[in-house]
Amino acid sequence: ETQFFRDTWAEINLDHLTDNIKNIKRHIASDEMKMFAVVKANAYGHGDLQVAEAALEAGVHGLAVAFLDEAVSLRKGGIEAPILVLGASRAQDVNLASDYNVSLTAFDLDWLKEASKHLKPDARLKLHIKCDTGMGRIGIRSADELKKIESYIHSISQFEMEGIFTHYATADELDDTYLERQLGKFNEMLAVLDERPEYVHSSNSAAVLRKPDTHFNAVRVGIAMYGLTPSQEMKEVLPVPLKEVFSLYSRLIHTKEIKAGDKISYGATYEASENEWIGTIPIGYADGWIRKLQGQEVIVDGKRSPIVGRICMDQCMISLPLPLKTGEKVTLIGRDGNEAVTIDEIAGKLETINYEIPCIISARVPRIYIRDGKPVKVTNKLLSSG
Ligand SMILES: Cc1ncc(COP(=O)(O)O)c(CNc2conc2O)c1O
């Protein structure tokens, strides 16, 4: 059983993940709708293979990742369900995609021509055409570009046009003006196709939750599956309950009483104004618990306690509410008694969005997977082979 030897870990609650998926599926309420679980960036820091397995068990149709390495890694981990690479791939790597039966995103005629030169005669390359209807990232931007690409794909026997999709820039905002413009452009593009491919998809979590006319016959769900709101604006109008999947813990490895005037951490920037108890925990900015989190409250013994002094690479110090012993559990993200520190609170402290927080908790922090309230698996990148 994989172990870890520093008392800092993340917990991934697969019961919450399953409940989130089931609630989202119920909200979509049409069985033929295919859900892709977006597990790119190591499943937003939650662990891609474990999330993929649990999501498939919970009834998702397939998985979506950012680039080919992530797709091949899931295949090597035993995933057989459909996998779509959402980002750009290199034309010279298309045989790898064919060998591993991974679908790629295409949006450039020259790339397709280059790719067809590399494909082995017996290769089969499934392609989803990406339309840029206003995200301004990757994708074709006109109907006649689409017509050219569609006819070129049909002229190459190894290509299969499996899907067509777009991505919204503002689905998480309550003002739908820009989203309606994007949806309109996408519908215009769909109208010029000779035939609709198997997968037509456009919605991310926000659009899945707010805009049924963006669902088409497949959806791509990331953030809501992890139990996080796509935006603060949407938080008040979420149509389904979402339960946070990710939490983060540590334990006191040292406690001491300091006197008024004593200093804490680099730069000796923190000075005790009176006698107080200080705890040290083994997590620092190399774990993604970055220095801007100085001053953030954590929960120890059920009470909120601030991080004092500068956060170090591997450790940081907290001002304790009372004398406590080493080994006492510290909640950095999650619930302890009637106190909770949410991912949204950490995102607010760092003036960023909730997506970024679990992503930056580094591979040095082991992940414990919880199912039926009990730990069922531990991953520790430092000690797993390869
Ligand atoms: C093409 C595409 N589809 C679906 C999703 C899932 O979105 P959701 O997590 O809001 O459901 C993303 C997330 N992409 C990003 C999330 O944060 N930055 C991104 O580029 C995406 O880039």
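Note that the coordinates shown come from a computational prediction; the quantities given were computed from them, not determined experimentally. Whatever order the structure lists ligands and atoms in, that order sets their numbers, starting from 1.
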**Request:** Give yes if a backbone or side-chain nitrogen or oxygen of Ile223 is under 3.5 Å from a nitrogen or oxygen of ligand 1, and no if not.
**Result:** yes
**Message:** Looking at Asp99 and Lys120, is there a salt bridge between them, counting it only when a charged N and a carboxylate O are closer than 4.0 Å?
**Reply:** yes
**Side-chain ion pair, Lys263 and Glu271, N-O less than 4.0 Å** = yes
**Request:** Starting from atom 7 (O) of ligand 1, find the nearest protein heavy-atom neighbour and note its residue, name and distance.
**Result:** Asn204 CB, 3.5 Å
**Message:** Check for me whether Lys40 has a heavy atom closer than 4.0 Å to any atom of ligand 1.
**Reply:** yes
**Message:** Out of all atoms in ligand 1, which are within 4.0 Å of some heavy atom of Tyr44? Include the element for each.
**Reply:** 6 (C), 7 (O), 8 (P), 9 (O), 13 (C)
**Item:** Flag if over 12 foreign heavy atoms under 6.0 Å of CG, Asp31
**Value:** no
**Asked** Can you tell which part of Met135 has a heavy atom less than 4.0 Å from ligand 1: side chain, backbone, both or neither?
**Response** neither
**Residue, atom name and distance, where the atom is the protein heavy atom closest to atom 11 (O) of ligand 1** = Ser205 OG, 2.6 Å
**Distance from atom 20 (O) of ligand 1 to nearest protein heavy atom, with residue and atom** = Arg137 NH1, 2.8 Å
**Message:** With a 3.5 Å distance limit and no angle check, can you tell me whether Asp287 reaches the backbone of Gly284 through a side-chain donor-acceptor pair?
**Reply:** yes
**Message:** What protein heavy atom lies closest to atom 5 (C) of ligand 1? Include the residue and the distance to one decimal.
**Reply:** His167 CE1, 3.8 Å
**Prompt:** With ILVMFWY side chains joined below 4.5 Å, transitively, what does Ile278's cluster contain besides itself?
**Reply:** Ile258, Ile264, Tyr270, Val308, Met317
**Atoms of ligand 1, numbered as shown, that sit under 4.0 Å from any heavy atom of Gly222** = 8 (P), 9 (O), 11 (O)
**Prompt:** What about Arg220: any of its N or O atoms under 3.5 Å from an N or O on ligand 1?
**Reply:** yes
**Closest heavy-atom pair and its distance - Ala224, Asn20** = O-CB, 3.7 Å
**Message:** Can you report which non-hydrogen protein atom sits closest to atom 17 (O) of ligand 1, along with the distance?
**Reply:** Tyr355 CD2, 3.6 Å
**Prompt:** Are more than 12 heavy atoms from other residues, nucleotides or ligands located less than 6.0 Å from atom NZ of Lys329?
**Reply:** yes
**Exercise: do Lys126 and Asn101 side chains pair donor with acceptor under 3.5 Å** = yes
